[in-house]
Enquirer: 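Sharing a structure, written as structure tokens. Questions coming.
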2 protein chains.
Amino acid sequence: MNLTVFVVDDDDAIRSSLSRALRKRGYEVEAFASAEAFLGAWNGQSGGCLILDHGMPGMSGLELQKRLAGQDYLLPIIFITGHGGVPESVQAIKAGAVDFLEKPFRQAVLVERIETALGIASERLAAREGCQKTRARFDRLTAREAEIVDHMVENPSGTSSKEVGARLGISPRTVDHHRARIMEKLGIRSVAELIALAGRPGGQG
Amino acid sequence: MNLTVFVVDDDDAIRSSLSRALRKRGYEVEAFASAEAFLGAWNGQSGGCLILDHGMPGMSGLELQKRLAGQDYLLPIIFITGHGGVPESVQAIKAGAVDFLEKPFRQAVLVERIETALGIASERLAAREGCQKTRARFDRLTAREAEIVDHMVENPSGTSSKEVGARLGISPRTVDHHRARIMEKLGIRSVAELIALAGRPGGQG
DNA sequence: CCCGCCATAGGCAGATCTGCCTAGGCAACC
DNA sequence: GGTTGCCTAGGCAGATCTGCCTATGGCGGG
């Protein structure tokens, strides 16, 4: 897995020195002068971490964080700040940032935090991969099949063909037929496994 | 639900003025001069929130936080600090604190944070109550019954009496018998419901 | 127009579940 | 010694699941 360190800071000096220092240490680095520039270039997929200046003209670091949190955010965020203090750090961490450093900071400290952040990034990528595999299987279900799955997941006490059929207004026999297809498509063998799969999407890969 | 505001601070002046001010606003308040004193008096059950000085002689606020996190911690923690800065606040929030205020702070701000914290406390209490009800039902299962439940939960693809019986080295018929008791004791009607219950302990009350 | 996919539905046989019955062995408690 | 609770196990009947077959009708692509 290729992990990239994204640097977003409006301060040219910091951005370039940080980029150089990190590249020298072997990191893949992409740097942007503003949150807007990052969003424009960001494909929403690449794994890595984000080193984000807190106080920037235009979109602030916190706003960018919110924007990314709206999507499924895979990038652990390390804030760096010149002026921010405790309230800002509290807000950032509560919003999901993994770290918050005050300028000036030692590069060794930042590198250590980056290592932690990249570790978290790997976990998130792995978790997402698990989710996607499961979701991909669920996506192969037809509309009716998905409806039956939903009904069973939301109402696990009544999973018999009789009850599901009554709820959907179709014959129990037809529910049997759909269920067999569901089991086949999802590669499972029992309704219990279906419930388990739906409950913990990352589950069994 | 009676919610209490616990104040732990070694500074007598702050402790007493804070207690008085909060009591005047209608809060139930208990104040302690040290983390140790709090732990000695704390029953591990009462709901409320904890206003905790970060830097105290003896056990520090962070240590107390760790100690409480080891148990199921129901008390949202608001740190207050005289000397701590960004790194301390980051550590505290990452460890689960709901807020971090620097002294001096306005009482109005603290009160607002307390309200938020007490709201969180209510949610935690409600969640715990849900969990406990479910757990109480599970606790009524005998050892063998629990074993069968575990096997089904961990291995939802093979929940048939035949397979469980083979795994446990007993007759499928006996598994049937145990399972009937399990269903009766847990008040459920299908293995699917059992899986759902085990997967989301707070689930259906 | 035919083919493939989907939803519907039934038959049938064998497997499994469910509820209700009995029953022996064992350990704990009164 | 009796009672109670648990684990074991079987019988039996009715319900349900499962896999395999057929079949009809709708809908869209080639």
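Throughout, protein chains are lettered first and strands after them, A, B, ... in sequence-line order, and every chain is numbered starting at 1.
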Enquirer: Could you go through B:R179 and B:S161, starting from their C-alpha distance and side-chain angles, then the distance that decides it, and tell me whether this counts as side chain to side chain donor-acceptor pair (under 3.5 Å)?
Expert: CA-CA 9 Å; B:R179 205 175 35 181; B:S161 298; 3.2 Å; yes
Enquirer: With a 4.0 Å cutoff (strictly under), does any side-chain N or O of B:S161 reach OP1 or OP2 of C:dT16?
Expert: no
Enquirer: Just N and O in the side chain of B:T142: are any of them under 4.0 Å from OP1 or OP2 of D:dC7?
Expert: yes
Enquirer: Can you list the steps and then say if A:T4 with A:N2 is a side chain to side chain donor-acceptor pair (under 3.5 Å)?
Expert: CA-CA 7 Å; A:T4 303; A:N2 262 337; over 6 Å; no
Enquirer: Quick check: are there more than 12 heavy atoms from other residues, nucleotides or ligands sitting under 6.0 Å from NZ of B:K103?
Expert: yes
Enquirer: Using a 4.0 Å cut-off on protein heavy atoms (strictly under), produce a 5'-to-3' string for nucleotides 25-30 of chain C with B for base contact, S for backbone-only sugar-phosphate contact, and - for none.
Expert: ------
Enquirer: Using a strict threshold of under 4.0 Å (side-chain N to carboxylate O), is an ion pair present between B:E115 and B:R25?
Expert: no
Enquirer: Nearest-nucleotide wise, let me know which of A:R140 and B:S160 is further upstream toward the 5' end of DNA chain C.
Expert: A:R140
Enquirer: Only one of B:L50, B:L110, B:L52 forms a side chain to side chain contact (heavy atoms under 4.5 Å, CB included) with B:I78, so which one is it?
Expert: B:L110
Enquirer: Output the residues of residues 166-187 of chain A in contact with DNA chain D, where contact means a heavy atom of the residue under 4.0 Å from an atom of the strand; sort by number or write none.
Expert: A:R173, A:D176, A:R179
Enquirer: Using a strict threshold of under 4.0 Å (side-chain N to carboxylate O), is an ion pair present between A:E63 and A:K66?
Expert: no
Enquirer: Please find out if less than 6.0 Å separates the ring center of A:W42 from that of A:F6.
Expert: yes
Enquirer: Give a yes or no on whether a salt bridge exists between B:R15 and B:D53, defined as a side-chain N under 4.0 angstrom from a carboxylate O.
Expert: no
